[in-house]
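The analysis underlying the following values was restricted to heavy atoms, covering all of them including side chains, and did not include hydrogens, waters or symmetry mates.
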Amino acid sequence: MQEETNVGPDFPSEPALAPAAATAPAALPPPEPPHIVAASDEAIARAAALLRDGEVVAFPTETVYGLGADAANADAVAKIFKLKGRPADHPVIVHMASADALDRFAREVPESARRLARAFWPGPLTLVLKRAPDVPDVVTGGQDTVGLRVPSHPVAHALLAAFCGSGEEQRLAGVAAPSANKFGRVSPTTAEHVGADFGASVALILDGGAATVGIESTIVDLSSDTPRLLRPGAVPTAAIEQTLGGTLALPDTQAPRAPGRHASHYAPRAQVKLMTRREMLETVGSHKGRRVAALALEVPVPRLPPALQRVVPVVAGKYAHELYAALRALDASGADVILVEQPPQTASWAAVNDRLRRAAGRGNLDDEP
Ligand code: TXA
Ligand code: MG
């Protein structure tokens, strides 16, 4: 299907810039909380030192922001679970500076994993492999597998390089990091989102601007003979299948990490409902007493205040980039229900549609792949 380009207006709810009066001083942006720090070389070095000291720091990746700790330090990783309010049996992904550290964290690495690593790392792909014996249980959720990824974001890369250092032992270090949101909430795509969820309880939040991809990595499980897609993401399924020279199976529903094992709960506080544009317009016109917000494709919804709607492009990559910020903003508007105009159902929209289904409560947006 030919994707349309964004011909719609910009977000109508963003305040227009007020024309500067000749005498009025320029309005200053509100001060940032002191723990959100621009990702300068100095701040990255400080973050790496905190990681070495067993502290938790938040950092940008190309997908979403991560909440990181030294993957070899079980106490440090346990702090992440406490901060997130995440159940202990949910594994976290280990972020590595390069594929050189694959064999440090995984055992029996199949050729297919090396092929995918060569093709897609650094980048938004996570490989689930059999874990090396000394990977802490807290990282793997007590399973025999570990999720590994080499992110491409320059700040994530610089942080990993600074943390990993140059000595052989350091070079093989890794940072365990789930998305930097409270358990079950919308993943963060900006440093401010992380700040909103955690306040000053995270020692340092490195600000590297808005995440470019905007939704979490594609997860492929290569820990058994059957390669499986555990979570669709920015790396398209077809590209992975082409590199593997075979098809990807769906998650094994009997396996411990399969979706649906834990009760689903949708991420925003407001209820999320997926619908056609016509249904959306009818609902906006007929809602009774409920505060309704809308996430519309390309064209604003008439008779709905700008603060209660976001207009997103019908281009899968751009939509993904804006989705979580839009859901967070609409949730913060105090809406009881967020009406989401259903995007196309084509392959390029698979990851976006997966997240929308989870947000609508038919899966857990945060912690089931
Ligand atoms: O893009 C991403 O992957 C982001 C950035 C920060 O890298 N991270 C992320 O982490 O989304 P998290 O923890 O929010 O989601 C990771 C998913 C979870 O659903 C977890 O169950 C799954 O990966 N996972 C991690 N290790 C696994 C393993 N050994 N087996 C199966 N699933 C695993
Ligand atoms: Mg998450």
Student check: side-chain heavy atoms of [X] and [Y] closer than 4.5 Å:
X	Y	answer
Ser223	Leu129	no
Gln143	Pro91	yes
Ser179	Pro188	yes
Leu204	Ile36	no
Leu356	Leu323	yes
Leu102	Trp121	yes
Thr276	Gln342	no
Leu127	Leu116	yes

Distance from [X] atom [atom1] to [Y] atom [atom2], nearest 0.5 Å?
X	Y	atom1	atom2	answer
Ile338	Arg291	CD1	CZ	11.5 Å
Phe105	Arg131	CZ	CZ	12.5 Å
Ser112	Leu222	OG	CG	4.5 Å
Arg46	Leu206	CZ	CG	8.5 Å
Asn181	Ser187	CG	OG	4.5 Å
Leu250	Thr226	CG	OG1	11.5 Å

Backbone N or O of [Y] within a donor-acceptor pair of the [X] side chain at under 3.5 Å?
X	Y	result
Lys130	Val109	no
Arg269	Asp331	yes
Arg115	Thr243	yes
His321	Thr212	yes
Thr218	Gly233	yes
Gln345	Pro343	yes
His95	Val175	yes
Glu341	Leu297	yes
Arg86	Phe183	no
Asp197	Lys182	yes

Going hydrophobic residue to hydrophobic residue with side-chain gaps under 4.5 angstrom, can you get from [X] over to [Y]?
X	Y	answer
Val150	Leu148	yes
Tyr65	Val56	yes
Met96	Val220	yes
Ile93	Val235	no
Phe163	Val57	yes

Which heavy-atom pair separates [X] from [Y] by the least distance, and what is that distance?
X	Y	result
Ala48	Leu159	N-CD1, 3.7 Å
Pro122	Pro151	CB-O, 3.4 Å
Ala296	Met280	CB-CE, 3.9 Å
Ala176	Val139	CB-CG2, 4.4 Å
Gly199	Ile205	O-CD1, 4.4 Å
Val94	Gly174	CG1-CA, 4.0 Å

All side-chain contact (heavy atoms from CB on, under 4.5 Å) counterparts of Ser40, not counting sequence neighbours: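 Partners of Ser40 under the side-chain contact (heavy atoms from CB on, under 4.5 Å) test: Glu42, Ala43.
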Would you be so kind as to tabulate the donor-acceptor pairs closer than 3.5 Å made by side chains of residues 75-83, with sequence neighbours excluded?
from, atom 1, to, atom 2, distance (Å)
Lys79, NZ, Gly54, O, 2.9

Would you mind writing out the side-chain donor-acceptor pairs for residues 300-307 within the sub-3.5 Å range, not counting sequence neighbours?
none

Distance-only polar pair, side chains of Thr61 and Thr63, donor-acceptor under 3.5 Å: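 On atom types as modelled, these side chains qualify, holding a pair under 3.5 Å.
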Full working for side chain to side chain contact (heavy atoms under 4.5 Å, CB included) between Leu330 and Arg310: CA-CA 8 Å; Leu330 293 176; Arg310 290 269 152 161; 3.9 Å; yes
Verdict with supporting geometry, Val146 and Val128, side chain to side chain contact (heavy atoms under 4.5 Å, CB included): CA-CA 5 Å; Val146 63; Val128 171; over 6 Å; no
Val311 vs Gln309, side chain to side chain contact (heavy atoms under 4.5 Å, CB included): CA-CA, chis, key distance, verdict: CA-CA 7 Å; Val311 180; Gln309 58 176 307; 4.2 Å; yes
Selection residues 151-163 - residue pairs positive for side chain to side chain donor-acceptor pair (under 3.5 Å), sequence neighbours left out: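 Applying side chain to side chain donor-acceptor pair (under 3.5 Å) to every pair that reaches into residues 151-163, excluding sequence neighbours, yields Glu62-Ser152.
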Side chain to side chain donor-acceptor pair (under 3.5 Å) partners for Asp103, two or more places apart: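 Per chain and number, Asp103 pairs via side chain to side chain donor-acceptor pair (under 3.5 Å) with Arg114.
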Ionic contact status for [Y] with [X], cut-off 4.0 Å:
X	Y	result
Glu282	Arg277	no
Asp221	Arg231	no
Arg355	Glu216	yes

Chi angles and distances behind the salt bridge (charged side-chain N to carboxylate O under 4.0 Å, His left out) call for Arg328, Glu192: CA-CA 11 Å; Arg328 278 180 176 257; Glu192 289 73 28; over 6 Å; no
Listed partners of Arg290 passing salt bridge (charged side-chain N to carboxylate O under 4.0 Å, His left out), at least two apart: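 Here no residue qualifies.
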Within 6.0 angstrom of Glu279 CD, more than 12 heavy atoms from elsewhere: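 More than 12 heavy atoms, drawn from other residues, nucleotides or ligands, come within 6.0 Å of this atom.
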CA sep, side-chain torsions, deciding dist, call: Arg104, Asp134, side chain to side chain contact (heavy atoms under 4.5 Å, CB included): CA-CA 9 Å; Arg104 155 74 182 83; Asp134 61 343; 3.4 Å; yes
